[in-house]
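Data block below; observations after.
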Amino acid sequence: MNTPTPHPMSPQDCLVAVMVAVSASDEEIRTAELVKIETAVNNLPIFAGYDIDRMNTAAQTVFDLFEQEDGLDALFGLVRNNLPEQLFETAYALACDVAAADGTLQEPELRLLEEIRYELEIDRLHAAAIERGARARHITM
């Protein structure tokens, strides 16, 4: 009996997976973070034509990997193998927006953002600019 080969992750699936990973990193997925992910997928040009039903599959992949000992490494392997390098900064920007969406950055989120910077080789100066933009977009009075 042949088991079907899982559908490879599209670049958009990878972006969704990174956003979900940041949201799930502190073991509490907040409504503001889910809304931020949904808004990004519904409105950003990079997701034009993306089958929104694939979001659940991408999210489940993250949850399944987080249950494994080396799951984070596996996630980064999937992202590096399926996301074009020119979208690495996009992935980091989306991750920062999700992390900032609820108005607080928890230590696990900060550690994961640091890991994303390292794994995707985001230049430190570029990362600082992306982080500053996320902070400016999510500031409250």
Side chains of Leu72 and Phe66 in contact at under 4.5 Å (non-hydrogen atoms): yes
Check against side-chain contact (heavy atoms from CB on, under 4.5 Å), Cys96 and Leu113: CA-CA 7 Å; Cys96 288; Leu113 289 174; 4.2 Å; yes
Side chains of Asp13 and Ser10, donor plus acceptor under 3.5 Å: yes
Spatial distance of atom CG (Leu83) from atom CZ (Phe76) [nearest 0.5 Å]: 12.0 Å
Any side-chain heavy-atom pair of Ile46 and Leu15 under 4.5 Å: yes
Transitive ILVMFWY side-chain link Val79 to Phe63, under 4.5 Å: yes
Shortest non-hydrogen contact between Met55 and Tyr50, atoms and distance: N-OH, 3.6 Å
Over 12 foreign heavy atoms within 6.0 Å of CD, Gln60: yes
Verify same cluster id: Val41, Leu44 (apolar side-chain graph, 4.5 Å): yes
Main-chain N/O of Gly133 paired with Arg137 side-chain donor or acceptor, under 3.5 Å: yes
Residue list, side chain to side chain contact (heavy atoms under 4.5 Å, CB included) with Arg30, at least two apart or on another chain: Asp26, Glu28, Glu33, Asp102, Gln106
Hydrophobic cluster identity match, Ile52 and Val16, side-chain contacts under 4.5 Å: yes
Heavy-atom pair of closest approach, residues Arg54 and Met9: NH2-CA, 4.3 Å
Exam field: side chain His138 to backbone Ala134, donor-acceptor pair closer than 3.5 Å: yes
Salt bridge (charged side-chain N to carboxylate O under 4.0 Å, His left out) between Glu121 and Arg80, worked out: CA-CA 10 Å; Glu121 298 179 356; Arg80 280 192 307 271; over 6 Å; no
